[in-house]
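Read the structure below first, then the notes.
Both backbone and side-chain heavy atoms feed into the values below; hydrogens, waters and symmetry mates do not.
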Amino acid sequence: QVQLVESGGGLVQPGESLRLACAASGFTFSAYHMNWFRQTPGNQRELVAGITSGGIINYADSVKGRFTISRDNAKNTVYLQMNSLKPADTAVYYCKAVNPRGITAYDYWGQGTQVTVSS
């Protein structure tokens, strides 16, 4: 049974920080590329950051310099450190595991965790 469980979301004020975690099980985590997406009501789900199985990282322009993605293969966990948070970062954040062989039927999504940035 594949599981991706996000945690670490919450309510913070602008300028504060949060660290999200996504704990994975039921598949070969170390072989998968891992992404963080976010979504607000009425908008499409948007790629925020990604890290490949080999450690190559990319970020959306809107979060460069503020967010850091990392992974710990020994713990089957991917993280998103979010600093200098802005109200525009408010969204549900989702973890996605991307099949390294390009078979999208074996991509997996977590349930999401709410991040709210408000004064």
In terms of side-chain heavy atoms, does Asn43 have a donor or acceptor partner in Thr40 at a distance below 3.5 Å? yes
Would you sort out whether Val12 and Thr116 count as a side-chain contact (heavy atoms from CB on, under 4.5 Å), showing the intermediate values? CA-CA 6 Å; Val12 297; Thr116 302; over 6 Å; no
Quick one: sort the Tyr94 and Trp109 rings into parallel, tilted or perpendicular, breaks at 30° and 60°. perpendicular
Verify whether one side chain among Asn83 and Ser17 offers a donor that lies under 3.5 Å from an acceptor in the other. yes
Say whether, by atom type as modelled, one donor and one acceptor occur between the side chain of Thr90 and the main chain of Val117 under 3.5 angstrom. yes
Within a strict 4.5 Å, meaning less than it, do heavy atoms of the Ser53 and Ser30 side chains meet? no
Report yes if the distance between the aromatic ring centroids of Phe27 and Tyr108 is under 6.0 Å, otherwise no. yes
Student check: side-chain heavy atoms of Ile51 and Val78 closer than 4.5 Å: yes
Is the positively charged end of Arg71 above the ring of Tyr79, judged by distance under 6.0 angstrom from the centroid and angle within 45° of the axis? no
Derivation and outcome, side-chain contact (heavy atoms from CB on, under 4.5 Å), residues Leu80 and Arg19: CA-CA 6 Å; Leu80 186 67; Arg19 189 176 76 151; over 6 Å; no
Cluster link Leu20 to Leu11, ILVMFWY, side chain under 4.5 Å: no
Between Gln39 (side chain only) and Ala91 (backbone N and O only), is there a donor and an acceptor less than 3.5 Å apart? no
